[in-house]
Amino acid sequence: MYSHGSESLIKQAREIEESELQRFYSRLVKLLQGKELGHETVDSLQRLHIILFADKYTRTKKLVDWLRYASITQGGGTSSGGFFTGPRLRQPVPIAELDGTVSGDFFTVLCVGQSFTEDQWMNVYSFSMLRHWLLTYHSVCSGTTADTDDRSEVDGSVVSMVSATSSSSRLLPPKERLREKSFQYCQRVIEQSDRKAHRRSDTELQKACLVEAVCILDCVCVEEPSLVYRTFPCIKALFGRLSSDLSFARVVLPIAQFYLNHGEMAAVDCETVWKLVFGQFPAELFNDPFLVHELLRFLRLNLKSLQLRVPLYIQSFPNLLKFLAWDSPAVVDDFVDLLPSLVTAGTAVELLHTLLDLPCLSATLVLQLRSSAHKLSTTSGGRGLLSLDAFRNPSFRGLFLFLLRGEAGAGDTIDRLSTLHELLAEAADWPRVVQCAQTVPVLLISLSLGFTIISSLTLCFCRVFRCHLLRLCKLQPSLVVDQSREFIEFAGTTSSVYSKEEMYTHVVWVLGEYLSVSCDSRCSVRLITSCFETLEAVLFEITSSAPPPGAACPAPRVVTSLMSALAKLASRSHDLIPRVSLFLSKLRTVTRGGSVAWCSDEEDLVAIVTRGEELWSLLKAPGVAQSVLTPPPHVTTPQWHRDTNMSMPLELRALTISKREA
């Protein structure tokens, strides 16, 4: 409770008039604009705090009144007919439900009428901001004496004995009263959603309000766990009503969130919910962009809880990857974050094969939709008919069913993979399949991060990835910018120079070769400088000291790759040229004294110094260095045999004609 002086100040703050408040506000603004904040300013700020604090409970009260006690008659009234239509003859008309029946309970957002009264509009507005209010109110009040403050607002010392289930909810403290009325309001909305709406727009309104109502109930139960037992019967009944209708899929996700947050406390079986969310939704609604967005958002927000408490989440990765196969560009960022969470000793190998087969899954999903709609391909020349016929052919059904499997455990891959590729060969240039194939390299890198927790798979994956890294980056240069943080982080680890020589060399070469505006317009000077400084630090460290105990000297190829990468990056940002030139000149000076601690072979040292001198000479002419170290595409991939302005096409044509005549 407050002291007598504090209660007096709070009472004064509540009774302040609007005109006085405006004058106080104007005076405070002038004080805050002054150069110095004196005692008067501090006193005024403290008074403002008291005013806001005192007014807080008046607003929580207004919110409750708007939610629970809005008018139950339509605004404006309706004339009773006849010649005289004055105000006396206008009779109040009760509000109606969405199915047209007269409402027999309090007003909610799902009530309809010809017009609304002011408090009915405030009821709608209050519901729209109720969840945000509860979240904000809870976060502000957590860990404070808010409960004590709330109870001081209620007359009588018996309030603390009033239960949350008491019918005398007006005696509850403001915060608990708001929870109780929110609970009643949401239960009423859930009951109204079971009514058959006459218009399609009202049906969509019911779905939107259901989502909001379940989310609000979740917030209320998080704040007051004792309400879980009162809420779960309603939520369970709602799930039973909606689970058989996929058009309510987006409503089921908040229900799943409620089960995840409170299922253990209420000791209810959640298996049916997860089978629907991770089984039927991805399998049948993978092409619903709104559901996909909401479901992936649900996964990202609850990643740790799902990993620990829902085994079906990891087992359902073949189903979840259908989202990625169908619309890769829209969801690739989500899956870059999600993939490491799906890696376990039991799923790692199968997950790797599934990602490699992702373009095949993309093509299969297209065929599945076409087949279910009984449509033939409309492309010219009958393209697509062969793969569609193969999809419908019982002989090949097993191949496609494996790709469309819903859970892991059916096997890592299939024996007749080459047969499957032949059946889907004509799908290789389908836009959806091409987009999917372009995202696979990015996903493989993300998957490799998850593999680090499984030592037996790390070496295997690194060996495969090392062999194909250069090819992947050549086919998709923008991959280097997409994964620049991971690449630079790996290249900045000095221990990798000694323990992962070949992989480290490839990563350094890729950074120097493709971290360029010519490869990706997103490559900024800041990114180039960051990479340069990372590689520069590593090169300086390994060439200024002996290797760690038990480690061999760094391979000459690693040293020359680092020098070449630095020179390439400097040629794209000329401000960096003096730094790399200084290092190369010092390298030549140091090695003149004979052997060095970081290189035991004299021939290797000569080769390193020679390479350094070549790069140093190039960097003296920045324009030449850029042309040599970062040549334009027409130089690296010449097509002189196709250029009509060159003499070679004429010579080839003449040679061909002469051979024909001979």
Spatial distance of atom [atom1] ([X]) from atom [atom2] ([Y]) [nearest 0.5 Å]:
| X | Y | atom1 | atom2 | answer |
| --- | --- | --- | --- | --- |
| D357 | L321 | CG | CG | 11.0 Å |
| L338 | F335 | CG | CZ | 6.0 Å |
| L443 | L352 | CG | CG | 11.5 Å |
| L515 | L527 | CG | CG | 4.5 Å |
| S516 | L511 | OG | CG | 12.5 Å |
| T354 | L403 | OG1 | CG | 9.0 Å |

Between [X] and [Y], is there a donor-acceptor pair closer than 3.5 Å when you use the side chain of the first and the backbone of the second?
| X | Y | answer |
| --- | --- | --- |
| S573 | L569 | no |
| Y504 | A491 | yes |
| Q435 | D327 | no |
| S571 | Q626 | no |
| S530 | R526 | no |
| S521 | V517 | no |
| D218 | F258 | no |
| S362 | L358 | no |

[X] and [Y]: which non-hydrogen atoms are nearest, and at how many Å?
| X | Y | result |
| --- | --- | --- |
| L312 | E407 | CD1-OE2, 3.7 Å |
| M563 | I608 | CE-O, 3.5 Å |
| S585 | W616 | CB-CZ2, 4.0 Å |
| E350 | P318 | OE2-CG, 4.4 Å |
| C599 | D604 | SG-CB, 3.9 Å |
| V331 | F323 | CG2-O, 3.8 Å |

Using side-chain heavy atoms (C-beta onward) and a distance below 4.5 Å, is [X] in contact with [Y]?
| X | Y | answer |
| --- | --- | --- |
| F583 | E536 | no |
| R579 | L582 | no |
| D520 | P477 | no |
| H506 | L470 | yes |
| Q315 | T347 | yes |
| S564 | R611 | yes |
| L356 | L444 | yes |
| L339 | L355 | yes |

- [ ] For L424 and F400, run side-chain contact (heavy atoms from CB on, under 4.5 Å): C-alpha distance rounded to whole Å, both residues' side-chain angles, the deciding distance at 0.1 Å, then the answer.
- [x] CA-CA 10 Å; L424 297 175; F400 294 105; 3.9 Å; yes

Open item on the list: side-chain contact (heavy atoms from CB on, under 4.5 Å) for R432 and L365? Distances and angles first, verdict last.
Closed with: CA-CA 10 Å; R432 196 176 297 279; L365 291 175; over 6 Å; no

Task: side-chain hydrogen bond (donor to acceptor under 3.5 Å, both in side chains) between S387 and E426, worked out - done: CA-CA 7 Å; S387 56; E426 59 190 355; 2.7 Å; yes

Atom [atom1] of [X] with >12 non-hydrogen neighbours under 6.0 angstrom:
| X | atom1 | value |
| --- | --- | --- |
| E489 | CD | no |
| R297 | CZ | no |
| R485 | CZ | no |
| E602 | CD | no |

Open item on the list: For Y514, give me all partners under ring pair (Phe, Tyr, Trp, His ring centres under 6.0 Å), at least two apart in sequence or on another chain.
Closed with: W509

TODO: Classify the angle between the aromatic ring planes of Y313 and F278 as parallel (below 30°), tilted (30 to 60°) or perpendicular (above 60°).
DONE: tilted

Task: Intermediate values then yes/no, side-chain contact (heavy atoms from CB on, under 4.5 Å), D337 and L303 - done: CA-CA 10 Å; D337 294 335; L303 197 54; 6.0 Å; no

Task: Residues D482 and R522 bridged, charged N to O under 4.0 Å - done: yes

Task: Sidechain N-carboxylate O distance under 4.0 Å for K474, E513 - done: no

Open item on the list: Could you walk me through whether L306 and L260 satisfy the side-chain contact (heavy atoms from CB on, under 4.5 Å) test, starting with their C-alpha distance in whole Å, then the side-chain angles of each, then the deciding distance to 0.1 Å, before giving a yes or no?
Closed with: CA-CA 8 Å; L306 291 171; L260 184 64; 4.2 Å; yes

